[in-house]
Every structure is written in C-alpha cells, then in structure tokens.
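For the numbers below, each heavy atom of this structure counts, side chains included, while hydrogens, waters and symmetry mates do not. In the text below, chain A, chain B and the rest are named by the order of the sequence lines, each starting its count at 1.
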2 protein chains.
Amino acid sequence: MSENLDEHIDEMLKTAGLYHTENRVLILKMLFKAGKPLSQEKIARQAGTNNLDKVTIYRTLESLFNAGLVHKAFLNKRASHYELAHRCTKKQCHPHFTCTKCGSTHCLVDLALPMPVSYHKGFIINHQQVHLEGLCPACS
Amino acid sequence: MSENLDEHIDEMLKTAGLYHTENRVLILKMLFKAGKPLSQEKIARQAGTNNLDKVTIYRTLESLFNAGLVHKAFLNKRASHYELAHRCTKKQCHPHFTCTKCGSTHCLVDLALPMPVSYHKGFIINHQQVHLEGLCPACS
DNA sequence: AAACATTTGCAACATAGTTGCATTTTTGAT
DNA sequence: ATCAAAAATGCAACTATGTTGCAAATGTTT
Ligand SMILES: [Mn+2]
Ligand SMILES: [Mn+2]
Ligand SMILES: [Zn+2]
Ligand SMILES: [Zn+2]
C-alpha cells in the first residue's frame, strides 16, 4: 500500500466523482498515515509549509465526508475529528477509546460490538458510534 | 417527585457537598423537567427573565458535573449537552438517539447495551457512551 | 485552446467556551 | 444576629472552532 498509495487515492477520488486536487490527496495521505482521527488544527499544523487555508481544510474534509470517504469520529473534544472510513461498515464505526490520563485516542478496530436491533416501534437505527474511556496501556 | 422535587434537589446538593444556590436549583430543575440533554444556550433561553450569565451557566454545570450529578452527553453537535446522571450507571450512560431528519434527541434509557470487557492487555475500560442515529417514530 | 464546473484563499463573521477580577451570596462559627 | 471565610456570580475581554460570500485559481471536458 506504501508504493501504490497514490494510485489508491487517485482511484478513491475518481470512484467518488471528486476532482483530483493537491489538497484532497495531501489530506487523504495524512489520514492514511495517521490511522486515527485528526482535527482541522492537526492537519494544518502537519501541513506546515504547504500553506493550507483553514477554510480549505474544512471544505476538503466536508467533500470527502459527503462522498463517504471520511467519517467524523465522535470524541469528547471540542473540535471535530475526521478519519478514513475504510475500517467502518456503513452502519457502524469501530469504537474509539480515549485515555483519561494522557488524552491519547485509539481506534479499537478489532473490537466488534453488537449493533442494537430495532428499539421501540417507530425507531429506525441506521448508525452507531461508541466512545470508550479509561486507561491506555501506557498509563495503566 | 413533583411535590418534593425541591427537597430532593436540596438533598442532592447537600450530599454532593455543594453550596445551595438559586442557580444550581434552577438548572437542576430544568434538567429534571427536560429529561434530556440541554446545552448552555437552551438553558439560558429557558431561564429568560432570570438573567443568568453565560459564564455562570457553564460554571454551574461544571460544578454539577464534577460532583457527578450531571453527565455530558455525547451528541454530534457543536455544543456540549448536559443531563442528569440519575439514569446512568457509573460505567455506562444510556444510549442517545438522534433523528437524522428532524434532529430530535431521545434518551434510550431502557436499551441495555453490553459493556465491552477488557480489550487488549493494558487497556482498562471505565466508561462507555453510545450514540445512535436514524429515524425517530415521528419521522419514520 | 476554450468553456464550464469545482476548488481555493482571503476577509469578515458567528458561535462556543475560557479567564481574571471585583462583587455578592452562602455557609459555619461566634 | 453578627461576622469571617469560602465559594459563586457577573462582567468584560479573550481564544478557539467553525461558517459565509466572493473573486481568483485550478481541474475537467469538449
Ligand atoms: Mn477510528
Ligand atoms: Mn440521556
Ligand atoms: Zn494514556
Ligand atoms: Zn425525527
């Protein structure tokens, strides 16, 4: 995946019907590399010299989100975080874990949680996100 | 509970070791009455004439939160929402449901979800919050 | 190359939340 | 009831996050 990541990203954008732009490629690469949810601010800082405008980052993430390539992760932070959708099913993202001591975030991609079936008459459940808190291996 | 709500709130504050103030009583009453998570803005608007300062609301909620009387609900909105902790166990809040059509929020207090047991060596899971999306009875 | 659609950067704005500090309220002890 | 200490409140100013409008730049299609 390391060699042909560029090709993979090209394919993702083409399939999604999105214009192939420098910023989309850059941000998708960052998300692949990070392997966990990133905020606008982290992306901006990591881009450094690339002089990415804040608004552009938000709009780029939104276009990737609308295309289904990216998910909003549901952390207990003030800022939204985005991650690749490649490790989520349509109905269920993997759980996210936040360490209450060091603040680190972990994607528990292999922790399968049951999706609740229909609740009461009339409720249709389409999507689930689970957020866990506790102590990470480094802090426990 | 309607008659002795005041007494109940007095008791809550006393047990928590918090000063008994007008604002704490007012906000706790609102949260009881609402039965679902409220944001600072909703509390301010509902207080109306009572002329509650924004900062005071935040600080009041924080004191109630630190005392464990109130939880932060984890909705996919920009602003934090707070609710009474009385329908949550220490480790697990009830799931919250947001309707993607009308935006309404529902507390699924009788939907019991299993708490994931320890994940990998080193992870200690202390708390779980689940957020569901779909269509509410009015919209489905 | 030309025409069209989308993306980008910038400035200005809106909303959520925080901090410092002087004043007021609550509490517990006299 | 009076007083002193501790905590809560209101206000102003501030930071951080996110949004909107628009002209210029870039990507796509023919
Ligand atoms: Mn993740
Ligand atoms: Mn609730
Ligand atoms: Zn940790
Ligand atoms: Zn609805």
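Surrounding NZ of A/K101 are at most 12 heavy atoms belonging to other residues, nucleotides or ligands under 6.0 Å away.
Atoms CG (B/L13) and P (C/dT25) sit 18 Å apart, rounded to a whole Å. Look at NE2 on A/H81: it is 14 Å from C1' on D/dG18, rounded to the nearest Å. With rounding to whole Å, A/Y19 atom OH is found 11 Å from D/dG27 atom P. If you take NZ of B/K77 and P of D/dT19, they are 15 Å apart, rounded to a whole angstrom. Taking atom CZ on B/R24 and atom P on C/dT25, their separation rounds to 15 Å, with Å as the unit. Rounded to an integer number of Å, the gap from CG of B/D53 to C1' of C/dG20 is 14 Å. Spacing between atom CD1 of A/I57 and atom P of D/dA16 amounts to 16 Å, rounded to whole angstrom units. If you take CG of B/L18 and C1' of C/dT25, they are 15 Å apart, rounded to a whole angstrom.
Residue-to-nucleotide contacts include a donor-acceptor pair under 3.5 Å from the side chain of A/R78 to the base of D/dA16. Applying the 3.5 Å distance criterion, the base of D/dG10 shares no donor-acceptor pair with the side chain of B/K54. One can find a donor-acceptor pair under 3.5 Å joining the base of C/dG9 and the side-chain atoms of A/R59.
Looking at the side chain of A/E41, the nearest of the listed nucleotides C/dA16, D/dG10, D/dT17 is D/dT17.
Among the heavy atoms of the strands lying under 4.0 Å from A/T21 are primed sugar atoms or P, OP1, OP2 only; no base atom is included. Contact annotation for B/S39: no contact, since no heavy-atom pair falls under 4.0 Å across all strands.
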(request) Evaluate the criterion side-chain hydrogen bond (donor to acceptor under 3.5 Å, both in side chains) for residue pair A/H96 and A/E83; output intermediate values, then yes/no. (result) CA-CA 11 Å; A/H96 285 115; A/E83 68 179 337; 3.1 Å; yes

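To the nearest 0.5 Å, atom OG of residue B/S140 and atom CZ of residue A/F123 are 9.0 Å apart. Within the model, atoms NE2 of B/H127 and CG of A/L132 stand 10.0 Å from one another, a figure rounded to the nearest 0.5 Å.
B/M30 approaches B/L38 most closely through the heavy-atom pair O-CD1, 4.1 Å.
Under the 6.0 Å cut-off for aromatic ring centres, B/H131 and B/F97 do not qualify, their centroids lying 6.0 Å or more apart.
Listed pair A/N23 / C/dT7 fails the phosphate criterion, with no side-chain N or O lying under 4.0 Å from OP1 or OP2. Of the side-chain N and O atoms in A/Y58, one or more sit less than 4.0 angstrom from OP1 or OP2 of D/dG18. Contact annotation: A/S80 does not reach the phosphate of D/dT17 (side-chain N/O to OP1 or OP2, under 4.0 Å).
Using a 4.0 Å cut-off on heavy atoms, none of the residues of residues 61-69 of chain A approach DNA chain C.
A cation-pi geometry, defined here as NZ or CZ lying under 6.0 Å from the six-membered ring centre and within 45° of its normal, holds between B/K72 and B/F65.
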